[in-house]
There are 2 protein chains.
Amino acid sequence: MTISEIAKLANVSIGTVDRVLHKRGRVAPNTVEKVMSIIEEHGYQPNTYARNLKLSRQFTIGVLLPLLHSEYGYWNLMYEGILKAAKELSPLAVTIDMLEFDRTKEGSLLAQGRRILEKSVDALLLAPVVPAEAKTLLADHPTLDYAFVDSPLPDTIPVCSVIQNPYQGGYLAGRMLHLLQPNGGTLLAVQTHRAAYNSSERVRGFLSYFADKPAYKTYDMEIHFAGQNPLGDLDVFYRNHPDMSGIFVVNDAIHRVAGLVVQLGRKSQTVMIGYDAIAQNCKAMKNKQVDCLLSQRPEFQGYTAIYQLYRKGLLNQLPETTICVPIDIILPENLMVEGETYLKP
Amino acid sequence: MTISEIAKLANVSIGTVDRVLHKRGRVAPNTVEKVMSIIEEHGYQPNTYARNLKLSRQFTIGVLLPLLHSEYGYWNLMYEGILKAAKELSPLAVTIDMLEFDRTKEGSLLAQGRRILEKSVDALLLAPVVPAEAKTLLADHPTLDYAFVDSPLPDTIPVCSVIQNPYQGGYLAGRMLHLLQPNGGTLLAVQTHRAAYNSSERVRGFLSYFADKPAYKTYDMEIHFAGQNPLGDLDVFYRNHPDMSGIFVVNDAIHRVAGLVVQLGRKSQTVMIGYDAIAQNCKAMKNKQVDCLLSQRPEFQGYTAIYQLYRKGLLNQLPETTICVPIDIILPENLMVEGETYLKP
DNA sequence: TGCATTTGCGTTTACGTTAACGCATAGTAT
DNA sequence: ATACTATGCGTTAACGTAAACGCAAATGCA
């Protein structure tokens, strides 16, 4: 069913049908009705190829992420997924335009966001880790299509949010630590950077898992690697709690913490569990410094968000608004390392 | 960079450029060279929209899967992924044409395969679970683009194989069973239908995990639900092995086996681990009849294979030839049930 | 009444690619 | 010599959509 077939059936020209379809006015009310009824009856779907050929536009998706190297590779994995999607979609005239912001600096998200929106992007992919600034930014551009990764932003209407439940992740970390360390003891939940929503929720879930298990005592601690004495802090904790038996790091810094634990000679008594299968963490797992990783599939998040924006913008599809990423459990037995595929032992 | 720009630069017509691009002959050798050098220099990429508009073809992907209801939903999940991809790609003129075959009947794959290829599909998605017949089928159509799901097929050149390492899956099942049942005892690996490659490899991996763990004795058994006495067989096994402490079912029939175990009143002594997050298995996990599931993401496999065939056929991209699906570990704490998304406790 | 604007509609061009067609010129066979 | 065919190239008509343009007729305002 094409526009000209509709035109023939309605005894009007294709120009009239086009005006009806795009609500460009200058059509008599009863003509509109006639055309609309034919469209509804026959279920017209515009031809995507013809449509995009005619418009012949580059569809540019702005990408606004925290500094890729501000943490240890989590955001970089997300960026890899974004790049993969962009590469696949390049023959469909989709390009990305990326800017980073410093989540520790007030106003950085907002400023960088404004910079990228000045360039008139067609859609925006955003990690709303500074909620207030993200809201301000989006409020200034009410017609913009945007998608979230990493975490949701309440009171906004995104095309799509690709997220994971951090409370559940913390709870699952508790279960895994319980399985890996059935003997009880003192457990420590570690945060490394300034409290973020996902991090604190994970701690909450983790603590709640052990709330009804008296064989375990749980603590909550912040370790800062920049300009302080993380090794000393951790050493003091071990001396105060000789029955330490497990550590849960709520983010991708687990390999750093594991390094400290090994330096203190405490690995044998400590089960290590953390987040995100970044290269350093995978390596630490191979070296038996880390026992379990949970993953929020950051590559998948970025990849999916780009595709959803493309589907909305170029295919005019209305995708699910919330895509909830399963929590992956990674043990040495199902760790997949770059380049190794399907090796039969 | 368009064809007419190339034509202008080369001082020829667009017809000539087109003949060079498509190697349709009737162009003087030095003209070919001139055009080619300009193309290489400027990096011409054909416009996908214009190309497909002109060709205005339906791209039909044939799908050849085992009877969707022959097992308990594994193939159905794969089909769901295929349908999802097909729905997303429908504005790009991609359609699927599916036929099922009976993997237990000799000649069924081949016959159904021939039926579907008679209809001149543009590409084929195939689960090569009857290797010899799949090879014969593909050998008869040397120019066809095809992709595999579920398992690979040696000595063929598919566009893409979306697979998982079954040996590793069995090994991981061993590790999880070990974690969930640290006390040793007798373990049973169960196959339910006629031995398939994936099933037997999983058993092999499972047994190898416990090979060096004398606290566990492992057995290997076939249970057939059709027309026999599975309950009786399992009962006999329990009586002969009172220290039974775990069962690994290598496929999606874990919920059926779990049902028998519950009937025999043996659940409390038996850790149950199986494959594939089909609805019945998820339900059994919610009811605490199943303790752990591994997943090969069948929806993802089907979804991805369709997309790769589309990318090859319509975008002319050359994707990775092997996509190795990670082995997902599903516990009650990270089980995702249809409809429930991101519920904060 | 006269002129300008608005309304309603048809016509046309363009997007980039493909492939059929046409038309010379050159070479080959009868 | 005539009638072929082969070669090398340009021209053109689609594919379906979008939107500018044009042209009447109807309406507004003096």
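Throughout, protein chains are lettered first and strands after them, A, B, ... in sequence-line order, and every chain is numbered starting at 1.
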Main-chain N/O of B:C324 paired to B:Q164 side chain as donor or acceptor, under 3.5 Å: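 Not confirmed, B:Q164 side chain does not pair with B:C324 backbone.
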B:L77 backbone acceptor or donor facing B:E299 side chain under 3.5 Å: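 No, B:E299 side chain to B:L77 backbone: no donor-acceptor pair under 3.5 Å.
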Sugar-phosphate only, base, or nothing, as touched by A:N11 at under 4.0 Å among non-hydrogen atoms: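 Counting heavy atoms under 4.0 Å across all strands, the contact made by A:N11 is with sugar-phosphate only.
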Touch class at under 4.0 angstrom, heavy-atom based, for A:R26 against every strand present: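 Base, at least one base atom sits under 4.0 Å.
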Distance test, side-chain N/O of B:S56 to OP1/OP2 of D:dC15, below 4.0 Å: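 It does not, given that no N or O in the side chain of B:S56 lies less than 4.0 Å from OP1 or OP2 of D:dC15.
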Side-chain N or O of B:T31 closer than 4.0 Å to phosphate OP1/OP2 of D:dC9: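 Checking D:dC9 against B:T31, a side-chain N or O does come within under 4.0 Å of OP1 or OP2.
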Residue pairs passing the side-chain hydrogen bond (donor to acceptor under 3.5 Å, both in side chains) test where at least one lies in residues 24-47 of chain B, sequence neighbours excluded: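 side-chain hydrogen bond (donor to acceptor under 3.5 Å, both in side chains) check on residues 24-47 of chain B returns B:D18-B:R24.
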Proximity to the side chain of A:L53 - top-ranked nucleotide from D:dG16, D:dC9, D:dA18: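 The nucleotide sitting nearest to the side chain is D:dG16.
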A:V35 vs A:R19, side-chain contact (heavy atoms from CB on, under 4.5 Å): CA-CA, chis, key distance, verdict: CA-CA 10 Å; A:V35 170; A:R19 257 161 292 173; over 6 Å; no
Contact interval (first through last nucleotide) of DNA chain C with protein chain A, 4.0 Å heavy-atom: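 Contact span on the strand: C:dT7 to C:dG16.
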Just how far, in rounded Å, is [atom2] of [N] from [atom1] of [X]?
{"X": "B:R51", "N": "D:dA14", "atom1": "CZ", "atom2": "C1'", "answer": "16 Å"}
{"X": "B:F59", "N": "D:dC15", "atom1": "CZ", "atom2": "P", "answer": "22 Å"}
{"X": "B:N52", "N": "D:dC15", "atom1": "CG", "atom2": "P", "answer": "16 Å"}
{"X": "B:K23", "N": "D:dT7", "atom1": "NZ", "atom2": "C1'", "answer": "20 Å"}
{"X": "B:L55", "N": "D:dC15", "atom1": "CG", "atom2": "P", "answer": "13 Å"}
{"X": "A:L21", "N": "D:dA19", "atom1": "CG", "atom2": "P", "answer": "11 Å"}
{"X": "A:I14", "N": "D:dA19", "atom1": "CD1", "atom2": "C1'", "answer": "10 Å"}
{"X": "A:D18", "N": "D:dA20", "atom1": "CG", "atom2": "P", "answer": "10 Å"}

Minimum-distance pair of heavy atoms, taken over all atoms of A:Y310 and A:F59: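 Nearest heavy atoms, A:Y310 then A:F59: CA-CE2, 4.2 Å.
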Nearest non-hydrogen partners of B:P128 and B:P152, listed with the distance: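 Smallest heavy-atom distance, with atoms named: CG-O, 4.0 Å.
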Nearest-nucleotide 5' precedence on DNA chain C, B:Y49 against A:P29: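 Going by which nucleotide is closer to the 5' end, it is A:P29.
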A:I323 vs A:C160 side-chain heavy atoms within contact, under 4.5 Å: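 Sidechains of A:C160 and A:I323: in contact.
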First of B:A28 and A:T2 reached from the 5' end of DNA chain D, by closest nucleotide: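 The residue whose closest nucleotide sits nearer the 5' end is B:A28.
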